[in-house]
K.L.:
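Submitted below is the structure of interest, expressed as structure tokens.
Sequence lines set the chain letters: A, B, ... in the order given, protein chains first and strands last, and positions in each chain run from 1.
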Amino acid sequence: MPPRKGLRPETRKALREWYAENGRDLPWRRTRDSYPVLISEIMLQQTQVATGLPYWLRWMERFPTIESLASATEDEVLAHWQGLGYYRRARNLHEAAQKIISQGWPKSAKEWRQLPGIGDYTSGALASITLDEPVPAVDGNVERVFARVERCRLTGGKLSAEAKVWALGLVPNDQPGDWNQAMMELGARVCRPRFAECDVCPLSPDCQSSHQADRHEYPVRIKSTKTQQVERHHAVFVSEGAIALARIEPGAWWEGMWEFPEVAAPMGPVIARERHQVTHHRIVSHAYVVSDQPTGSRMFELAQVAELAMPAAQRRLLNSVLSELK
DNA sequence: AACTCGTGGTC
DNA sequence: TGACCAAGAGT
């Protein structure tokens with residue numbers, strides 16, 4: 001492994017100036033208040049910011065403080081997370097909130113790291129932003145910037161480990177949170193996955209891939225698994241303005257949430273159909289009207305259904321079913 | 001270390 | 001359409 005050249009002081013200064021001009025308009029990132037930063041860090045992981053923002057706004061209305069989150073039930077938490085995906089994150093966040101209530105707010109990255117759902121990235125982001133601790137926050141953006149700047153061809157955990165060493169050597173004592181956010185914003189806006197705009201990049205003078213034709217080949221991609229097709233069938237039973245739903249069993253996708261009762265095989269004409277994707281599975285869900293209440297299901301008034309946690313595809317299926325039955 | 005989790009957008 | 005991607009963590 002060749003030694004890292006790192007970034008010269010004038011280049012680091014250029015990045016901070018770039019961020020001061022271009023990166024400060026994220027409304028949820030301007031506070032040192034731990035709670036909103038915690039929510040945004042957890043909620044927006046693996047989610048497009050534009051998608052996540054409305055969720056964040058609604059969340060902060062429903063759970064404005066760490067106390068309100070800690071005292072909510074898990075069903076309430078899931079109901080307000082629904083549609084975002086990665087529901088385990090919501091459960092971990094809920095558990096973390098309860099630990100924070102009993103133990104107090106973490107006082108270092110190491111303490112943040114102990115909480116469920118808080119890994120290397122999130123602990124670094126939270127400690128640098130809310131505590132001014134000079135620790136790096138290495139997400140996919142920073143890994144990509146690192147891979148291009150240093151022309152590193154590692155993948156997976158090895159790339160991640162190298163990027164963390166690199167980032168640790170760069171993070172300043174002065175405003176480390178802004179530095180980390182600058183690195184991430186640079187990756188999101190300039191050193192983008194499919195195109196690196198080297199012309200406007202403040203790191204360009206010290207980047208080994210700058211303006212090179214192969215710069216988009218970093219980081220090296222791992223070939224993905226082929227997607228499988230999955231067919232699912234669901235019973236629609238409506239009676240006296242109520243509809244039958246079943247709680248999803250432990251171990252299944254979306255465990256603990258609610259969906260139309262699943263049946264093994266088609267049951268007559270399809271009245272609604274939705275498709276969606278989970279990892280490398282493409283799922284097509286079909287809905288059929290049945291005349292008896294499926295075993296294991298519960299009846300809900302439509303007003304109640306609005307407050308249940310349902311997978312996004314089941315929520316869409318419900319809307320199609322309701323418009324079909326009108 | 002590879003695999004898994006959810007979803008919506010992009011090209 | 002379909003593969004790829006996005007402020008990762010847990011197993």
Side-chain angles (χ1 to χ4, degrees), chain A residues 23 26-29 36-56 78 81-93 95-96 112-126 128-129 136-145 154-161 163-164 167 177 180-189 191-195 216-217 219-230 248 250-257 259 274-285 309-316:
Chain A
L26 298 178
W28 54 85
R29 271 304 180 79
V37 181
L38 169 64
I39 301 305
S40 67
E41 287 297 339
I42 300 299
M43 179 171 269
L44 301 182
Q45 284 171 11
Q46 297 296 111
T47 302
Q48 313 232 348
V49 169
T51 305
L53 181 55
Y55 287 88
W56 186 88
L78 280 179
W81 191 276
Q82 68 173 308
L84 252 186
Y86 288 111
Y87 299 98
R88 175 165 297 176
R89 295 191 199 285
R91 294 189 165 98
N92 282 336
L93 175 62
E95 189 183 338
W112 272 113
R113 184 70 177 77
Q114 320 263 339
L115 292 170
I118 308 284
D120 286 345
Y121 162 75
T122 313
S123 60
L126 287 163
S128 63
I129 292 170
V138 178
D139 67 346
N141 285 316
V142 179
E143 284 186 13
R144 180 174 57 257
V145 171
L154 297 175
T155 61
K158 291 177 179 172
L159 171 65
S160 185
K164 284 170 191 167
N180 286 332
Q181 290 178 77
M183 294 282 285
M184 292 187 276
E185 280 301 304
L186 188 77
R189 300 194 191 194
C191 200
R192 300 197 300 271
R194 290 186 172 89
F195 185 73
H216 305 120
E217 296 171 17
V220 176
R221 320 238 194 274
I222 307 170
K223 61 181 176 188
S224 59
T225 314
K226 193 182 174 186
T227 59
Q228 298 175 16
Q229 312 293 324
V230 178
I248 300 172
W253 287 319
W254 310 287
E255 74 170 68
M257 300 175 71
E259 67 175 5
E274 287 292 336
R275 59 176 53 192
H276 64 293
Q277 188 125 6
V278 181
T279 318
H280 58 273
H281 301 273
R282 168 176 287 286
I283 304 169
V284 184
S285 299
M310 295 177 72
Q314 290 288 315
R315 182 67 69 183
R316 290 198 304 271

K.L.:
Among dA7(C), dG10(C), dC5(B), which is the nearest nucleotide to the side chain of E185(A)?
P.N.:
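For E185(A), the side-chain atoms sit closest to dA7(C).
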K.L.:
Establish, with yes or no, whether the OP1 or OP2 oxygen of dC5(C) is under 4.0 angstrom from a side-chain nitrogen or oxygen of R192(A).
P.N.:
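Result: no.
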K.L.:
Say we look at dA1(B) and dA6(C): how far apart would their C1' atoms be, to the nearest angstrom?
P.N.:
22 Å
K.L.:
Using atom P in both nucleotides, what's the gap between dG6(B) and dT11(C) to the nearest angstrom?
P.N.:
14 Å
K.L.:
Please determine whether a side-chain nitrogen or oxygen atom of S40(A) lies at a distance below 4.0 Å from atom OP1 or OP2 of dA7(C).
P.N.:
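No, outside the criterion.
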K.L.:
Could you check W254(A) against H276(A) for ring pair (Phe, Tyr, Trp, His ring centres under 6.0 Å), going step by step and ending with a plain yes or no?
P.N.:
CA-CA 13 Å; W254(A) 310 287; H276(A) 64 293; 5.5 Å; yes
K.L.:
Find which nucleotide of DNA chain B each of T155(A) and A313(A) is nearest to by heavy atoms, and output the residue with the more 5' nucleotide.
P.N.:
T155(A)
K.L.:
Does dC5(C) have OP1 or OP2 under 4.0 Å away from a side-chain N or O of R221(A)?
P.N.:
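For dC5(C), OP1 or OP2 has a side-chain N or O of R221(A) closer than 4.0 Å.
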K.L.:
Taking the minimum atom-to-atom distance to the side chain of N141(A), which one of dG10(C), dA7(C), dT1(C) wins?
P.N.:
dA7(C)
K.L.:
Of the options dA6(C), dT4(B), dT7(B), whose atoms approach the side-chain atoms of Q277(A) most closely?
P.N.:
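So the side chain of Q277(A) is nearest to dT7(B).
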K.L.:
Can you tell me how far P in dA7(C) sits from the matching atom in dT4(B), rounded to whole Å?
P.N.:
23 Å
K.L.:
Which listed nucleotide (dC5(C), dG8(B), dA3(C)) is nearest to the side chain of T227(A)?
P.N.:
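Of dC5(C), dG8(B), dA3(C), dA3(C) is nearest to the side chain of T227(A).
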K.L.:
Nearest of dA1(B), dG10(C), dA6(C) to any side-chain atom of R144(A)?
P.N.:
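Selected nucleotide: dA6(C).
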K.L.:
From NE2 of H280(A) over to C1' of dC5(B), roughly how many Å is that when rounded to an integer?
P.N.:
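That distance rounds to 11 Å.
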K.L.:
Taking only side-chain N and O atoms of W254(A), does any of them lie within less than 4.0 angstrom of OP1 or OP2 on dT4(B)?
P.N.:
no
K.L.:
Looking only at N and O atoms, is any donor in the side chain of Y86(A) or the base of dG6(B) less than 3.5 Å from an acceptor on the other one?
P.N.:
yes
K.L.:
Can you name the residues that form a side-chain contact (heavy atoms from CB on, under 4.5 Å) with R88(A), not counting sequence neighbours?
P.N.:
N92(A)
K.L.:
Report yes or no: does T47(A) contribute a side-chain atom to a donor-acceptor pair with the main-chain N or O of Q45(A) at less than 3.5 Å?
P.N.:
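Yes; at least one donor-acceptor contact below 3.5 Å.
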K.L.:
Return the value, rounded to whole Å, for the distance between atom CZ of R189(A) and atom P of dA7(C).
P.N.:
12 Å
K.L.:
Return the value, rounded to whole Å, for the distance between atom OH of Y121(A) and atom P of dG10(C).
P.N.:
14 Å
K.L.:
Would you classify I222(A) as touching base, sugar-phosphate or nothing, given that sugar-phosphate means primed atoms plus P, OP1 and OP2, and contacts are heavy atoms under 4.0 Å?
P.N.:
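I222(A): no heavy atom of the nucleic acid under 4.0 Å.
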K.L.:
Could you tell me how far apart R88(A) (CZ) and dT11(C) (P) are, to the nearest whole angstrom?
P.N.:
6 Å
K.L.:
Name the closest nucleotide to the M184(A) side chain, picking from dG8(C), dA7(C), dC5(B).
P.N.:
dA7(C)
K.L.:
If you only use heavy atoms from C-beta on, which nucleotide in dA6(C), dG8(C), dG2(C) is closest to the side chain of R282(A)?
P.N.:
dG2(C)
K.L.:
Please give the distance between the P atoms of dG8(B) and dA9(C) as a whole number of Å.
P.N.:
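Roughly 22 Å separates the two P atoms.
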K.L.:
Rounded to whole Å, how long is the line connecting atom CG of D120(A) with atom C1' of dA9(C)?
P.N.:
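So the two atoms are 9 Å apart, to the nearest Å.
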K.L.:
Once you round it to whole Å, what is the distance between C1' of dC5(B) and CE of M43(A)?
P.N.:
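The answer, rounded to whole Å, is 17 Å.
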K.L.:
What's the CD1-P distance between I283(A) and dT7(B), to the nearest Å?
P.N.:
9 Å
K.L.:
Does G83(A) reach a base, just sugar-phosphate, or nothing at all? Heavy atoms under 4.0 Å.
P.N.:
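The residue G83(A) makes sugar-phosphate contact but no base contact.
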K.L.:
Quick one: is H276(A) getting a side-chain N or O under 4.0 Å of the dG8(B) phosphate, OP1 or OP2?
P.N.:
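No.
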K.L.:
Among I118(A), I129(A), L115(A), which residue satisfies the side-chain contact (heavy atoms from CB on, under 4.5 Å) criterion with L38(A)?
P.N.:
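With L38(A) as partner, side-chain contact (heavy atoms from CB on, under 4.5 Å) holds for just one option, I118(A).
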K.L.:
Provide the closest heavy-atom pair for I39(A) versus L93(A) in the form atom of the first, atom of the second, distance.
P.N.:
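I39(A) and L93(A) have their closest heavy atoms at CD1-CD2, 3.8 Å.
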K.L.:
Nearest whole angstrom, please: distance from the P of dA1(B) to the CG of L154(A).
P.N.:
12 Å
K.L.:
Whether T51(A) contacts dA6(C) is assessed here as follows: a side-chain N or O lying under 4.0 Å from the phosphate OP1 or OP2. Is that the case?
P.N.:
no
K.L.:
Is there a donor in the side chain of Y121(A) and an acceptor in the side chain of E41(A), or the other way round, less than 3.5 Å apart?
P.N.:
yes
K.L.:
Need to verify one output field. Residue with the more 5' nearest nucleotide on DNA chain B, R316(A) or W253(A)?
P.N.:
W253(A)
K.L.:
For dT7(B), does OP1 or OP2 lie under 4.0 Å from any side-chain N or O of T47(A)?
P.N.:
no
K.L.:
Taking only N and O in the side chain of Y55(A), is any of them less than 4.0 Å away from OP1 or OP2 of dT7(B)?
P.N.:
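The answer is no; no side-chain N or O of Y55(A) sits under 4.0 Å from OP1 or OP2.
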